[in-house]
Participant: 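Please see the structure below; I have some questions.
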Amino acid sequence: MPELTEVETIRRQIAPALAGRRIVDAWHAPNPKFVAARQVVGRTVQSVGRRGKYLVIGLDQERELIVHLGMTGVVRLRTGATIDPYVRASWTFDDDTILELRDIRQFGRVASVASGDYRTLPTLHALGPDPFDPALTSRDFYRALRKSTQRVKTQLLSQRPIAGVGNIYADEALWRARVHPASRRVSQPRAHELLGALRTVLAQGIDNGGTTLRDYRTFTGETGSNQHALDCYGRHGQPCGRCGTTLVRKVYDGRGTTFCPVCQRV
DNA sequence: CGCAGCGCCTGAAGGC
DNA sequence: TGCCTTCAGGCGCTGC
C-alpha cells in the first residue's frame, strides 16, 4: 500500500534513469484506468516529482504524466519482453529501457494532463500541503483540521489537511502524538504534536525505504524495512510500547484502525 | 458543498 | 482437500 514514503522512495530511484528520456512507445491494459498511458508517446521527461501519493512526471509542452499506485502498484524498469500478467501499463524510452506499472488489483491509475491541471483527479486537485513543506506550520495544520468535524484519522486519509498519509502512517502518527483516531476536534497543541509525529514517522519511513507488508517493492525490487519499525499499525493484541496496555483494533469509517485505548485520548 | 455509501479489483486467509 | 466467503483499502463517483 504505497503511501508518501513508498512513492518518494520510488521517485528518488527512477528520477535519474528517466530524466531527459523520450517516450517512443507505450502500452496499457484494457482497463480504462490505464488508457492514458499512450497519450504521452513522443514526449520527453523533464522532471520526476511527487504530490502526496501521486507520481508526477513532468514532460515537454507543458504536459504531465500522473501515476497513482493504488494499493498494490509498483513501478520498475526493465529491458526486453515480459510475461508478467499484472503489468497494466508500460512506456518504452529512446534508450530501449521500459518503465512498467505492475498493479495486481488495478486500484492504481494513470492520467495525462496539462501541467498543474488536476481537475480530472479530484483528490489531487484538492490535495493538502506536503508534510515536509517548510512553510507548513502547525497553526496551518490546526486550521485545516478545524474545517471539518470528521474523525481526525478520516481527515488525514482524505488527503486534504495534509498530503500523502495512508492507513499505516496515520495509525503510527496518531499513536506517537497520543491522539485518539476517532477525535472530532483536535486542540492546537495536539495538532502541533500530530504534525511533528507525522513528519517523524514519514521521515523514518523514507529512511527505511518504505513499509513492505505484502506487495510493495522499491524500484529495484527490494522490500522496504519500515515494517520492522512500526509501533502501532498491525500490532493489535500486542502491548503498547509506552504504557503496556493491549493495543486494540476498531473500524472507523470503514478503515481498520489500531490504537492504544489508554495513551491516545479523544 | 460536504460527505456517506458504494464499486472497483485480486490474492490471502479463514470457515466448514 | 477444496470450495466458498470475507477481508484488505485508496480513491472516484453518485446522490442526498
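Reminder, nothing fancy here: chain letters follow the sequence lines and each chain counts from 1. Because only heavy atoms are used, hydrogens play no part in the values below, and waters and symmetry mates are left out as well, while side chains stay in.
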Participant: With side-chain hydrogen bond (donor to acceptor under 3.5 Å, both in side chains) as the criterion, how do A:Tyr252 and A:Thr154 come out once you've worked through the C-alpha distance, each side chain's angles and the decisive distance to 0.1 Å?
Facilitator: CA-CA 8 Å; A:Tyr252 289 117; A:Thr154 304; over 6 Å; no
Participant: C:dG10, OP1 or OP2 - any side-chain N/O from A:Thr123 closer than 4.0 Å?
Facilitator: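 False: A:Thr123 side-chain N/O out of range (4.0 Å or more) of C:dG10 OP1/OP2.
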Participant: Of all the choices, B:dT10, C:dG9, B:dG2, which nucleotide is nearest to the side chain of A:Met71 once you look at every atom?
Facilitator: C:dG9
Participant: Against A:Thr257, only a single residue in A:Arg249, A:Lys153, A:His180 fulfils side chain to side chain donor-acceptor pair (under 3.5 Å); can you say which?
Facilitator: A:Lys153
Participant: Within the pair A:Tyr233 and C:dA8, is there a side-chain N or O less than 4.0 Å away from OP1 or OP2?
Facilitator: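 Result: no.
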Participant: What bend angle does the helix from B:dG2-C:dC16 to B:dC16-C:dG2 show across its length, from five-pair end axes and to the nearest 10 degrees?
Facilitator: 40°
Participant: Give A:Gly256 one of three labels, base, sugar-phosphate or nothing, depending on what nucleic acid heavy atoms sit under 4.0 Å from its own.
Facilitator: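 Counting heavy atoms under 4.0 Å across all strands, the contact made by A:Gly256 is with sugar-phosphate only.
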Participant: Is any side-chain heavy atom of A:Leu121 closer than 4.5 Å to one of A:Arg109?
Facilitator: yes
Participant: Classify the nucleic acid contact of A:Asn31 as base, sugar-phosphate or nothing, counting any heavy atom under 4.0 Å across all strands shown.
Facilitator: sugar-phosphate
Participant: Side chain of A:Arg249 only, heavy atoms from C-beta on: which candidate in C:dA8, C:dG12, B:dC3 is closest?
Facilitator: C:dA8
Participant: Quickly work out the A:Lys33 NZ to B:dG7 P distance and round it to whole Å.
Facilitator: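 Going from NZ in A:Lys33 over to P in B:dG7 covers 14 Å.
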Participant: Just call it for A:Arg151: base, sugar-phosphate, or nothing, with non-hydrogen atoms closer than 4.0 Å on any strand.
Facilitator: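 No contact at all - A:Arg151 keeps every heavy atom at 4.0 Å or more from the nucleic acid.
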Participant: Less than 4.0 angstrom between a side-chain N/O of A:Gln106 and OP1 or OP2 of B:dT10, yes or no?
Facilitator: yes
Participant: Could you please name the option among B:dC3, C:dG12, C:dG10 that lies closest to any side-chain atom of A:Tyr54?
Facilitator: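 My answer, after comparing the listed nucleotides, is C:dG12.
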Participant: Looking at A:Arg105 and C:dG9, is any side-chain donor or acceptor paired with a base atom of the opposite kind under 3.5 Å?
Facilitator: yes
Participant: Measure the distance between the ring centre of A:Phe107 and the centre of the six-membered base ring of B:dC8, then answer whether it is under 5.5 Å with planes under 30°.
Facilitator: yes
Participant: Which listed nucleotide (B:dC3, B:dG11, C:dG10) is nearest to the side chain of A:Ile104?
Facilitator: B:dG11
Participant: Rounded to whole Å, please give me the gap between CD in A:Gln155 and P in B:dG2.
Facilitator: 12 Å
Participant: Identify, with sequence neighbours excluded, every residue that meets ring pair (Phe, Tyr, Trp, His ring centres under 6.0 Å) alongside A:Phe141.
Facilitator: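 Per chain and number, A:Phe141 pairs via ring pair (Phe, Tyr, Trp, His ring centres under 6.0 Å) with no residue.
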Participant: Measure CD/A:Gln150 against P/B:dG2 and give the value in whole Å, please.
Facilitator: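 The answer, rounded to whole Å, is 11 Å.
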Participant: Starting at atom CG of A:Asp253, determine the distance to atom P of B:dG2, rounded to an integer number of angstrom.
Facilitator: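 Spelled out: CG on A:Asp253 to P on B:dG2 is 17 Å.
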Participant: Whole angstroms only, please: what is the CZ-P distance between A:Phe34 and B:dC8?
Facilitator: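 A:Phe34 atom CZ is separated from B:dC8 atom P by 15 Å.
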Participant: Output yes when at least one side-chain N/O atom of A:His68 is less than 4.0 Å from OP1 or OP2 of C:dC11, else no.
Facilitator: yes
Participant: Mapping A:Arg255 and A:Pro122 onto DNA chain C by nearest heavy atom, which one lands closer to the 5' end?
Facilitator: A:Arg255
Participant: Counting distance only, does the side-chain N/O of A:Arg235 pair as donor-acceptor with the main-chain N or O of A:Asp231 below 3.5 Å?
Facilitator: yes
Participant: In whole angstroms, how far is the P atom of C:dG10 from the CG atom of A:Leu156?
Facilitator: 12 Å
Participant: In whole Å, I'd like the distance from the CZ atom of A:Arg160 to the P atom of C:dG10.
Facilitator: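 So the two atoms are 16 Å apart, to the nearest Å.
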Participant: Can you find a pair of side-chain heavy atoms, one from A:Ile162 and one from A:Leu156, that are under 4.5 Å apart?
Facilitator: yes
Participant: What integer distance in Å separates A:Lys53:NZ from C:dG10:P?
Facilitator: 5 Å
Participant: Find out whether A:Glu100 and A:Thr82 are in side-chain contact, i.e. whether some heavy atom of one side chain is under 4.5 Å from a heavy atom of the other.
Facilitator: yes
Participant: If hydrophobic clusters are built from ILVMFWY residues whose side chains come within less than 4.5 Å, do A:Val186 and A:Leu136 share one?
Facilitator: yes
Participant: Hey, is the side chain of A:Arg109 pairing donor to acceptor with the base of C:dG10 inside 3.5 Å?
Facilitator: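 Looking at the base of C:dG10, it does not pair with any donor or acceptor on the side chain of A:Arg109 (distance under 3.5 Å).
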